[in-house]
Amino acid sequence: MTPDKNTREPSSGPAPRNGGRLLVDQLLVHGVTQAFCVPGESYLPVLDALHDVRERLALTVCRQEGGAANMAEAWGKLGGGPGICFVTRGPGATNAAIGVHTAQQDSTPMILFIGQVGSDFVEREAFQEVDYRRMFGGMVKWAASIDRADRIPEMVSHAFHLSTSGRPGPVVLALPEDMLAEVVSVPDALCFSPTQAGPSARQLQQMHQLVADARRPLLLLGGSNWSSAGRAAVRQYAHRFDIPVACAWRFQDSFDNCDSHYVGEVGIGINPRLAERVRQADVIVAVSARLGEMTTSGYSLLEVPLPAQKLVHVYPDPDEIARVYRPALAIVSGADEWAVALESLLPSAQGTADTSGATTDASAGGAGPVERRQWLEGARADYAAWRVPRPQPGSLDYPAIVLHLDSHLPADAILTNGAGNFATPLHRFFRHRRHKTQLAPSSGAMGYGVPAAIAAKLRFPERAVLAFTGDGDFMMTGQELATARQYGAAITVLLVNNGMYGTIRMHQERHFPGRVHGTDLVNPDFVALARAYGCFGERVSSTADFPAAFERATAANGSGQPALLELMVDPEAITTNQTLGEIRQQALGANRNVET
Ligand SMILES: Cc1ncc(C[n+]2csc(CCOP(=O)(O)OP(=O)(O)O)c2C)c(N)n1
Ligand SMILES: [Mg+2]
């Protein structure tokens, strides 16, 4: 006779627990202190177990699963383990997909738990049933269903290891309703311990020989897993061998942007002179950067499949290496494992040859010190020139405001953004000094900024957290201001209002000049909306008014109140280089040329 699943006799040993409690206990074992959710009746035993541990494991209830998943993703990006999110069946899971996709593209550890149809109804297309394996299969490192409560410790432990090891990423675990009620007696797992490969001494020497022989080397850094020691080692290496350092798109905080060797971000709206330097470099050491579409300007900065530059690709996942670009040297390694190992290339004795015979002084390699120095200084001058803004049309100059924040915010302030042209001046003019001060989706997902900022503020209540949003972008997850208010996450939202989905309008003008359709927005009164949520709200219409308004917003934050400043931007000010009218005229001119 098969015993009833829900009344399976517990074996002797650990106390009997239902699936919900066992699951929550595993979260505690793995050090989870924060989870995000939108509730569903599909996982009530989990909520009930969370109730008992609410002092140790905080639960933030959100207003839409997209917000919850983005918060969990941002939490995972800030380090210390995967972000944890709970959502209900089909409708909840589909809403949460945006955060899972961002976790995939940004290589962020995250676990999405989904309340699932009971095993008695599964595969009948029961109420709200979705096949999670097929839905998330291409997006996650693992999509599985925990069908037996006694396997919760094993499967949750696997999820923690998988999401944080190698190339980090999201995992989806479905929780069949009846499984959560099942009572079993099994021991807890051990706390997870992620693993990363590191470079071999031989690989490091090969890399170093390429760097030492180079005339125009470039370090290109990405990823969100650098320790202070690793960052210090990279800095020392770059300084010791005169290597310019750039950051991959939206991983701009991988290296101190105020460092004397930093030369800019390789991403959308890249400094054309930096783009030229990437093309002209003879050796590129790309670390923890996927070399995806946005970092390669549409796969144009490096030739496919064999780049003209000697490419050293350091990446934690061998499956990603040579996906598009064949490297001269491939190193399967975590970013920090590689960085810390650089110390072996930094002997205390100045300029001496190491034991393998490779030179440890760039000037003693093939490249002359003067040429290397000029390459670095040229790149630095290009970066400095790129940070001088062109005045914008209208009374509020948004790049000037970003520069104001650049010189006034504390170095540990966290800046978040979603997607839209409003993000470009931020990336161009703001300098990230510390690691994990930028939360920006390389998936280009609108609506990321507000939830990411809430997660950051819950994590670091003492730090300033600013969410940069557009008027379109804000409306995707702006309702999470209610969440910010509920939990006292005193963030400041800077809402750049140009009355349109500006990015798309810009592309529209480029390709179909003058034929505006589907990109105009009639917006709510954002200040009134912010106040309705219980936040501080103020409209800023001129550059000169910004500093005082920002001080008032900061003061509101200081008393625990989230704030929103609506920045009224002239719709013409669509990019830092060109107005909308100039783009249209250019496109019309180009069309005329084609016709003649
Ligand atoms: C979720 C999502 N939907 C659609 C898009 C396509 N998209 C990219 S930018 C953009 C417009 C953004 O408008 P807004 O936030 O007002 O910023 P602006 O470009 O005007 O500065 C759209 C629709 C996207 N990236 N993400
Ligand atoms: Mg807009």
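All of these numbers come straight from a predicted model, not from anything done at the bench. Computation of the quantities below employed the complete heavy-atom set of this structure, encompassing side-chain atoms and omitting hydrogens, waters and symmetry-equivalent molecules. Counting starts at 1 for both ligands and their atoms, following the listed order.
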Quick one about [Y] and [X] (side-chain donor to acceptor, distance below 3.5 Å, no hydrogens or angles considered), yes or no?
X	Y	value
Asn523	Asn497	yes
Asn421	Thr503	yes
Gln578	Gln586	yes
Glu73	Thr108	yes
Gln508	Thr519	yes
Asn577	Arg428	yes

Identify the protein heavy atom lying closest to [atom], giving its residue, its atom name and the separation to 0.1 Å.
atom	answer
atom 15 (O) of ligand 1	Asp473 N, 2.7 Å
atom 25 (N) of ligand 1	Gly444 O, 2.8 Å
atom 16 (O) of ligand 1	Asp471 OD1, 2.6 Å
atom 14 (P) of ligand 1	Gly472 N, 3.6 Å
atom 19 (O) of ligand 1	Thr503 OG1, 2.6 Å
atom 20 (O) of ligand 1	Gly502 N, 2.7 Å
atom 3 (N) of ligand 1	Met446 SD, 3.7 Å

Inset, instruction - Indicate, as side chain, backbone, both or neither, the part of Thr469 found under 4.0 angstrom from ligand 1 when only non-hydrogen atoms are considered. - result: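 Answer for Thr469: neither.
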Inset, instruction - Have a look at ligand 1 and work out which part of Met500, if any, has a heavy atom under 4.0 Å from it: side chain, backbone, both or neither. - result: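 The backbone, only.
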Counting backbone and side chain alike, does [X] bring an N/O/S atom below 2.8 Å of the Mg ion (ligand 2)?
X	value
Asp471	yes
Asn498	yes
Thr503	no

Inset, instruction - Starting at OG1 of Thr88, measure out to CD of Glu65 and round the result to the nearest 0.5 Å. - result: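 Here the rounded value is 8.0 Å.
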Inset, instruction - Please round to the nearest 0.5 Å and tell me the distance separating atom CZ of Phe255 and atom CH2 of Trp226. - result: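 It comes to 9.5 Å.
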Inset, instruction - Work out whether the distance between some heavy atom of Gly447 and some atom of ligand 1 is less than 4.0 Å. - result: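 No.
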Legend entry - Test salt bridge (charged side-chain N to carboxylate O under 4.0 Å, His left out) applied to Arg433 and Asp406, Asp256, Asp412, the passing residue: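 It is Asp406; the other options fail the test.
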Please identify which atoms of ligand 1 are closer than 4.0 Å to at least one heavy atom of [X].
X	value
Asn421	18 (P), 19 (O), 21 (O)
Asn498	18 (P), 20 (O), 21 (O)
Gly420	9 (S), 12 (C), 17 (O), 19 (O)

Legend entry - Centroid-centroid under 6.0 Å between Phe422 and Tyr398 rings: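 Between Phe422 and Tyr398, the centre distance exceeds or equals 6.0 Å.
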Legend entry - Leu521 N/O to ligand 1 N/O under 3.5 Å: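 Among all N and O atoms of Leu521, none is under 3.5 Å from an N or O of ligand 1.
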Legend entry - Closest candidate by heavy atom, reference atom 8 (C) of ligand 1, pool Val569, Thr477, Ile504, Thr575: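 That would be Ile504.
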Legend entry - For atom 13 (O) of ligand 1, the option (of Phe468, Phe422, Tyr398, Tyr501) bearing the nearest heavy atom: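 When every heavy atom of Phe468, Phe422, Tyr398, Tyr501 is considered, Tyr501 comes closest to atom 13 (O) of ligand 1.
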Legend entry - Closest approach of Gln561 to Asn557 (non-hydrogen atoms, all atoms of both residues):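 Where Gln561 meets Asn557 most closely, the heavy atoms are O-ND2, 2.9 Å.
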Legend entry - Worked verdict on Glu129 versus Arg89 for salt bridge (charged side-chain N to carboxylate O under 4.0 Å, His left out): CA-CA 6 Å; Glu129 184 177 354; Arg89 325 201 295 193; over 6 Å; no
